[in-house]
Amino acid sequence: MAHPLTANGSAEGAGTVKCVIDSDDAAKLAEEMLAAELPRRWRHVRSVARRARWVAGKLLLSDDLVVAAWLHDIGYAPELNETGFHPLDGARYLRRAGIDGQVTSLVAHHSCAQIEAEVRGLGHVLAAEFSPGDALMTDVLLYCDMTTGPDGAHVRPADRLVEIRGRYGPDHQVTRFVELAASEILATAGRVEELLAAQPR
């Protein structure tokens, strides 16, 4: 399926095209991939992106954060399912589309993805294929994701983790991941909240 990217591309070497994607393009791509088949996921993504735009403005962060927020769950799209691990599947798709670099790294490693990759036996694959993105933007993307519920409502990170456990059940890999990553998720969200609280009103 053709994707709706309209970003300007420039040839870089034999057969390689790098695309610069803005947040409007990212929103269109995410909507095409998720809205019809996964409407609940789409509601979550829209709210994560709105929150990311607000935080990016407060902390003077690059628009790459907002782009990554729109695209962070694109790997859930059924047509992109290769490994069943959405950060990896989504990042691979973006890389194929020429969107490498910061945005793809943020998507690949969002919300402690490396820990979940280890649970799934894919840790070496994720680490080999995608380097982590900017540390602060990675933290902020986690904060936006973990303060947004599955229907798009604002939630506390601790409540989000409870909801994820309940949705997947006690024996699921995602629940195991949450148990392993909970302290890091909560600490990261707390750091971002402190940064936001320190900004001028």
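None of these values were measured; they are calculated from a predicted model. Index from 1, following the sequence.
Remark: Glu184 CD is loosely packed, at most 12 non-hydrogen atoms of other residues, nucleotides or ligands lying under 6.0 Å away.
At a threshold of 4.5 Å between non-hydrogen side-chain atoms, the residues Leu71 and Leu94 count as touching. You'll find the side chain of Arg50 stays beyond 4.5 Å of the side chain of Trp54, heavy atoms only. Side-chain contact between Pro78 and Leu38 is present, with at least one heavy-atom pair separated by less than 4.5 Å.
Side-chain atoms of Thr148 do not come within 3.5 Å of backbone N or O of His154 as any donor-acceptor pair. Asp89 places a side-chain N or O within donor-acceptor distance of the main-chain N or O of Glu82, the cut-off being under 3.5 Å. The backbone N or O of Gly149 lies less than 3.5 Å from a partner atom in the side chain of His44, making a donor-acceptor pair. Judged by distance alone, the side chain of His172 and the main-chain N or O of Gly169 form no donor-acceptor pair under 3.5 Å.
Note on Val178 and Tyr168: same hydrophobic cluster, where clusters join Ile, Leu, Val, Met, Phe, Trp and Tyr whose side-chain heavy atoms are under 4.5 Å apart, directly or indirectly. Both Met33 and Val66 sit in one connected hydrophobic cluster of ILVMFWY residues. Membership requires side-chain heavy atoms under 4.5 Å apart, directly or through other members. Residues Leu29 and Val103 fall within the same hydrophobic cluster, defined by Ile, Leu, Val, Met, Phe, Trp and Tyr side chains chained together at heavy-atom separations under 4.5 Å. No continuous path of hydrophobic side-chain contacts links Val192 to Leu186 [ILVMFWY only; heavy atoms under 4.5 Å]. Connection of Val174 to Val162 is not established within any shared hydrophobic cluster, with ILVMFWY side chains joined at heavy-atom distances below 4.5 Å, either directly or through further cluster members.
Checking His86 against Asp73 by side-chain atom types alone, a donor-acceptor pair falls below 3.5 Å. Side-chain N/O atoms of Thr147 and Arg51 include a donor and acceptor closer than 3.5 Å.
Between atom CE of residue Met146 and atom CG of residue Leu141 there is a gap of 9.5 Å, rounded to the nearest 0.5 Å. Rounded to the nearest 0.5 Å, atoms CG (Leu61) and CG (Asp134) are 7.5 Å apart. Distance CG/Asn81 to OH/Tyr76: 11.0 Å, rounded to 0.5 Å. One finds the CD atom of Gln102 at 8.5 Å from the OG atom of Ser131 (value rounded to the nearest 0.5 Å). For the atom pair Phe177 CZ and Leu161 CG, the distance stands at 8.5 Å (nearest 0.5 Å). Between the CG atom of Asp139 and the CG atom of Leu195 there is a distance of 8.5 Å, given to the nearest 0.5 Å.
The two residues Ala68 and Val107 come nearest to each other via the heavy atoms O-CG2, 4.0 Å. Contact between Val55 and Cys144 at its shortest, heavy atoms only, is CG2-SG, 4.1 Å. Ser23 and Asp63 make their closest contact through N-OD2, 3.5 Å (heavy atoms, listed as atom of the first residue, atom of the second, distance). When all heavy atoms of Ala49 and Ala69 are compared, the pair lying nearest together is CA-CB, 3.8 Å. Residues Ala56 and Leu65 approach most closely at CB-CD2, 4.0 Å, considering heavy atoms. Between His110 and Pro87 the shortest heavy-atom distance is CE1-CG, 3.7 Å.
Remark: aromatic rings of His109 and His72 are distant, center separation not under 6.0 Å.
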### Message
For a side-chain contact (heavy atoms from CB on, under 4.5 Å) check, start with the C-alpha distance between Glu31 and Lys28, then their side-chain angles and the critical distance, and finish with the verdict.
### Response
CA-CA 5 Å; Glu31 181 175 16; Lys28 291 173 187 174; 5.6 Å; no
### Task
Report the C-alpha separation of Val45 and Trp70 in whole Å, then their side-chain angles, then the decisive distance to 0.1 Å, and conclude whether the side-chain contact (heavy atoms from CB on, under 4.5 Å) test is met.
CA-CA 6 Å; Val45 165; Trp70 279 115; 4.0 Å; yes
### Task
Any chance you could lay out the side-chain contact (heavy atoms from CB on, under 4.5 Å) test for Arg92 and Phe130, step after step, and finish with the verdict?
CA-CA 9 Å; Arg92 283 177 169 177; Phe130 300 99; 4.1 Å; yes
Pairs of donor and acceptor atoms involving the side chains of residues 112-128, under 3.5 Å and at least two apart or interchain, shall be tabulated with distances.
from, atom 1, to, atom 2, distance (Å)
Gln114, NE2, Glu118, OE2, 3.2
Gln114, NE2, Gly123, O, 3.1
Glu116, OE2, Arg120, NE, 2.9
Glu116, OE2, Arg120, NH2, 3.1
Arg120, NH1, Gly84, O, 3.4
Arg120, NH1, Gln173, OE1, 3.3

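None of Arg41, Arg43, Arg160 except one satisfies the salt bridge (charged side-chain N to carboxylate O under 4.0 Å, His left out) rule with Asp151; the exception is Arg43.
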